[in-house]
Amino acid sequence: MGINWIGLYTMVRREASRMARIPIQAFIAPWISALLFIFIFGSVVGGRISQIGGHRYLEFVLPGVLMLNIVNAAFIQASTAIYFSRFIKFVEEMLVAPLSYVEMIIGSLSVVVLRATVTGIGILLMGIGFGATHIESWPMFLFWIVSVSTVFGLLGLIVGLWSKSFEQLNMPVVFLLTPLSMVGGVFNTIEMLPAKLQWLAYANPFFYFINGIRGAMIGFDEAPQGLGIGLTLGLLAVLGVTAWRLYATGYGLRE
Amino acid sequence: MTPALSISHLRKVYRSGTVAVEDISLTIPEGEFFGFLGPNGAGKSTTIHCITGVAEPSAGKIEIFGIDAVKNYREARRLVGLCPQEFNVDPFANARQIVDWMGGYFGMGAKARKERIDYLIERFDLVPHQKKQFRELSGGLKRRVVLARALINDPKLIILDEPTAGVDVELRRVLWRYLAEINKDGRTILLTSHYLEEVERLCRHVAIVSKGRVVREGTKDEIAGSPGGLENAYLIATGAEPDHVAGQ
């Protein structure tokens, strides 16, 4: 049996319709947050900090801010969509339809990537508008948006299947995503950290995502891009297989 | 001839350890109008969930028109339409979207979908309500939307889990007429209902389940023809006391 393209497209249409019902939460909030970062780090703090690697502080910070918003958008989109559909039980509409588990996952991830890309492009345009950034490599910029949003989309699906309450749904954001992303080199270079703590940054996957998109945007990086790409592809493989396995066994989906 | 639905020794044990279906075997020929009766908790909905993929069978085999419903679930599900007992619907979507999305999941093209939706919306008197959010509709209208959704892919096997619960007499009659019509056209229907007059009126074959097992099965005439009619046969089969016994 071939791929159910119309079914896949329907999943995208459906989630796009849900996003259209919540434009403030989906897009306006991250854009306003990025605008505030541009103001604070461009005018208030940025003027008092010397250049980093030949770049103004705002130029240095903005790629990290963009990545933070992509991570949040991807995780929240995937986790809330699957959790809400389980909670209200309309996930059963997909279960009774002729959709394969891979199609269900790809359908969900397509919307995740769409939301993350719109969020990221919006922030990029604001940055360009304020003269705060530019793009060194479009292919690498798109690679980082698509791959990182897919990684956190998959993580969001897994958490959305595992969660039994809204409290549990928010736990990874509070205890994992926000702390790791904040210490992942958004606001500082590794050199700025005490020597004894620098290994912590290298052990933090967020460092490689931020380093990657910073390299694609302003051409500044602190670690080989290949290492970040390898790590991201590895995470995609592990999380992809885990999500597929959960769908195939019906974990959190079927009784 | 390949039966529309064949269930062999179905067993379902939930993760909690609850045995919802002990051992159910059924064969429903194509074109049958089959009544599936039993008290609450007897295992009717769980059986339906196992047929349609909402629940995973613990043991046994289910075939839909000869296709294994677990191994070849995609092929099998193309042939089935389910109207569930509960409203498992996005409450913020409008009536038309709900039916449309289901058609999309079934791989129906835009033109075929539009024609089918227009027909069903008209048929179930949903025209003035099609743009309203599901949560704004009355109970009866919600039931109509869920019915239209179940029929969007023009399924060969239609499974209706208490489709007339909480609906008015008018819709019940509209639905009865429609079901009789599509059954006459060759569609196979599996109906669960607590309204015995509905089953007597529509079904030609009846199975009564209790505690996860089929405790009586036969043609409606056989079962309803016994003294006291279908109600009496149902009460005896499920271990409840018929009125004339309870009153003694």
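Lettering of chains follows the sequences in order, A, B, ..., and the numbering in each one begins at 1.
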request  = Would you please name every residue forming a ring-ring contact (aromatic ring centres under 6.0 Å, His included) with A/Tyr208, sequence neighbours left out?
outcome  = none
query = Listed by chain and number, what are the ring-ring contact (aromatic ring centres under 6.0 Å, His included) partners of A/Phe37, not counting sequence neighbours?
reply = A/Phe41
task = Taking the side chain as every heavy atom from C-beta outward, state whether B/Asp90 and A/Arg14 have any pair of such atoms under 4.5 Å apart.
result = yes
Non-hydrogen side-chain atoms of A/Phe90 and B/Trp101 separated by less than 4.5 Å = no
Crowded around [X] [atom1]? As in, over 12 foreign heavy atoms under 6.0 Å?
X: A/Gln168; atom1: CD; result: yes
X: B/Tyr14; atom1: OH; result: yes
X: B/Lys114; atom1: NZ; result: no
X: B/Tyr178; atom1: OH; result: yes
X: B/Glu122; atom1: CD; result: no

What part of [X] gets within 4.5 angstrom of chain A, counting heavy atoms only: side chain, backbone, both, or neither?
X: B/Asp100; value: both
X: B/Phe106; value: both
X: B/Val80; value: neither

message = Between B/Arg74 (side chain only) and A/Gly2 (backbone N and O only), is there a donor and an acceptor less than 3.5 Å apart?
response = yes
task = Using modelled atom types only, decide if a donor and an acceptor are shared between the side chain of A/Asn4 and the backbone of B/Tyr105 within a distance under 3.5 Å.
result = yes
task = With a 4.5 Å heavy-atom cut-off (strictly below), which parts of residues 91-104 of chain A touch chain B? List them by number.
result = A/Glu92, A/Glu93, A/Met94, A/Leu95, A/Val96, A/Ala97, A/Pro98, A/Leu99, A/Ser100, A/Tyr101, A/Glu103
task = Sort by residue number and list every member of residues 244-255 of chain A having a non-hydrogen atom under 4.5 Å from chain B.
result = A/Thr249, A/Gly250, A/Tyr251, A/Arg254, A/Glu255
request  = State the OG1-CD distance between A/Thr10 and B/Gln97, to the nearest 0.5 angstrom.
outcome  = 12.0 Å
query = Measuring heavy-atom distances to chain B, does A/Tyr9 have an atom under 4.5 Å in its side chain, in its backbone, in both, or in neither?
reply = neither
Greatest number of heavy atom pairs closer than 4.5 Å to chain A - which of B/Phe92, B/Phe87, B/Tyr73 = B/Tyr73
key: Max heavy-atom pair count under 4.5 Å with chain A, selected residue of B/Asn153, B/Leu82, B/Val89, B/Thr46   = B/Val89
